[in-house]
Colleague: 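One structure, as structure tokens, below. Some questions next.
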Amino acid sequence: MNIGIIGTGSIVEAFLDALQHISSASCTAILSRKQATAEPLAQQYGIPRIHTVFDELLQDPAVDWIYIASPNSLHFDYALQALQHGKHVICEKPFTSTTRELQILIRTAREQKLFLFEAITNIHLPNYQWIKQNIDRLGTIRLIQCNYSQYSRKYDELLRGGMPNVFNPVFSGGALMDINIYNLHLVMNLFGAPHEVSYTANKHSGGIDTSGVLVLTYDGFIGECVGAKDTYGMNFVLIQGENGYFHIEHGANGCRRILIHTNDQQTEYNEQTIDNPLYYELAAFEEISRSGDYARCDELLDHSYAVMQTLEAARRDAGIVFTADHGDHRLISF
């Protein structure tokens, strides 16, 4: 995997750190509007080329994968052009702004016989996989509670009258897409798509949710997903069944440790030996691509598409509208 990276934010540094643990993968180029912005990362991680024009990255023969870590609204354009140029794609969450965009990407990837992955960490973590394999120990599930709250320094800018990307409808921002998506991926990867979706949000005057409560209704149980970028909170997941419950410490995004409460006993499980959660998703993508397992790739794409449908339904319920909903996909070019 010879990977070209779009973006220079903190998630890119975490991605590059995780990449050091994958022997058959490396970063061969990075794209930034300003060369000076990318130079520190290039020097630290030994990236041989910096591009300041997107087309140069697309034409780079040393790049066969592209990792997209740009603002949410740009994911679709970058991913589509990468696929059209024969590049495999890893795209940060949320995959796209709308289901229509994701439909186009999935169809293009399958037509081109290319791999396309959403970089959502938690469903690839060893602790999460243990939960998936042992969920039956809880008996009939009755309730799920998830809270992922992380006060954003960009919220201060919003309160001062600014409009940072993460809270901007033009860039498909908001707490649901940025934070609550981890809760949604965890619940839906375990239990599939809900029958009903409702989202009650605290909304800024600009129209974006700064926090909110997402309720997922299934046959026989309810999932409650809280995501906040405007408050601090206790991050956790509780999966509650008639025989006991699993308590996932520190929230759905990391699945750091599982406390298992069954038959009036408590045990714990933790098999994640590498702190950087991006390692595990990268290792999964590398194995899938190395083995040519397009069926597994398709399974992950089907899951991501179901999540996007639920995100879209939640936004409709809360009256959250993105520029992308009107079909405005103009790429802010480099």
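Owing to the predicted nature of the structure, the values given are computational and were not obtained by experimental measurement.
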Colleague: Show, in sequence, the C-alpha distance, side-chain angles and deciding distance for Glu299 and Arg296, and conclude whether the salt bridge (charged side-chain N to carboxylate O under 4.0 Å, His left out) test is met.
Modeller: CA-CA 5 Å; Glu299 289 175 4; Arg296 177 59 180 150; 3.1 Å; yes
Colleague: Using the rule that two of Ile, Leu, Val, Met, Phe, Trp, Tyr join whenever any of their side-chain heavy atoms come within less than 4.5 Å, decide whether Leu186 and Val213 are in one cluster.
Modeller: no
Colleague: Cut-off 3.5 Å, side chains only: do Tyr199 and Asn180 have a donor facing an acceptor?
Modeller: no
Colleague: Between Thr96 (side chain only) and Thr98 (backbone N and O only), is there a donor and an acceptor less than 3.5 Å apart?
Modeller: yes
Colleague: Would you say Ile222 ends up clustered with Phe246 if hydrophobic residues are merged whenever their side chains have heavy atoms under 4.5 Å apart, either directly or through other cluster members?
Modeller: no
Colleague: Does Ile320 offer a backbone N or O that forms a donor-acceptor pair with the side chain of Arg315 under 3.5 Å?
Modeller: yes
Colleague: Please check if Tyr45 and Leu57 belong to a single hydrophobic cluster, counting links between Ile, Leu, Val, Met, Phe, Trp and Tyr side chain heavy atoms closer than 4.5 Å.
Modeller: yes
Colleague: Go through the side-chain N and O atoms of Gln20 and Tyr279 and say whether any donor and acceptor fall under 3.5 Å apart.
Modeller: no
Colleague: Any side-chain heavy atom of His75 sitting closer than 4.5 Å to one from Phe95?
Modeller: no
Colleague: Is it possible for you to say whether Ile248 and Phe191 belong to one hydrophobic cluster, with membership spreading through side-chain heavy-atom contacts below 4.5 Å?
Modeller: yes
Colleague: Check the surroundings of atom CD in Glu242: do more than 12 heavy atoms from other residues, nucleotides or ligands lie under 6.0 Å from it?
Modeller: yes
Colleague: Within a strict 4.5 Å, meaning less than it, do heavy atoms of the Leu114 and Lys87 side chains meet?
Modeller: no
Colleague: Using the side chain to side chain contact (heavy atoms under 4.5 Å, CB included) rule, take Val197 and Asp317 through it: C-alpha gap first, then chi angles, then the decisive distance, then the call.
Modeller: CA-CA 8 Å; Val197 178; Asp317 189 60; over 6 Å; no
Colleague: Report yes or no: is the cationic atom of Lys154 (NZ for Lys, CZ for Arg) under 6.0 Å from the centre of the six-membered ring of Phe167, at an angle within 45° of the ring normal?
Modeller: no
Colleague: If only side-chain N and O atoms count, and only distance matters, is there a donor-acceptor pair under 3.5 Å linking Asn202 with Ser211?
Modeller: yes
Colleague: Within the side chain of Asn134, is there an N or O that forms a donor-acceptor pair under 3.5 Å with the backbone of Trp130?
Modeller: yes
Colleague: Between the side chains of Tyr148 and Gln150, is a donor N or O closer than 3.5 angstrom to an acceptor N or O?
Modeller: yes
Colleague: Under 6.0 Å between the ring centres of Phe115 and Phe285?
Modeller: no
Colleague: Should Asp60 and Glu56 count as side-chain neighbours, where that means a heavy-atom distance under 4.5 Å?
Modeller: no
Colleague: Just checking His261 against Tyr245, ring centres under 6.0 Å apart?
Modeller: yes
Colleague: Are Leu138 and Leu143 connected in the hydrophobic side-chain network, where two residues link if heavy atoms are under 4.5 Å apart?
Modeller: no
Colleague: Minimum heavy-atom separation for Asn183 and Ala252, please, with both atom names.
Modeller: OD1-CB, 3.3 Å
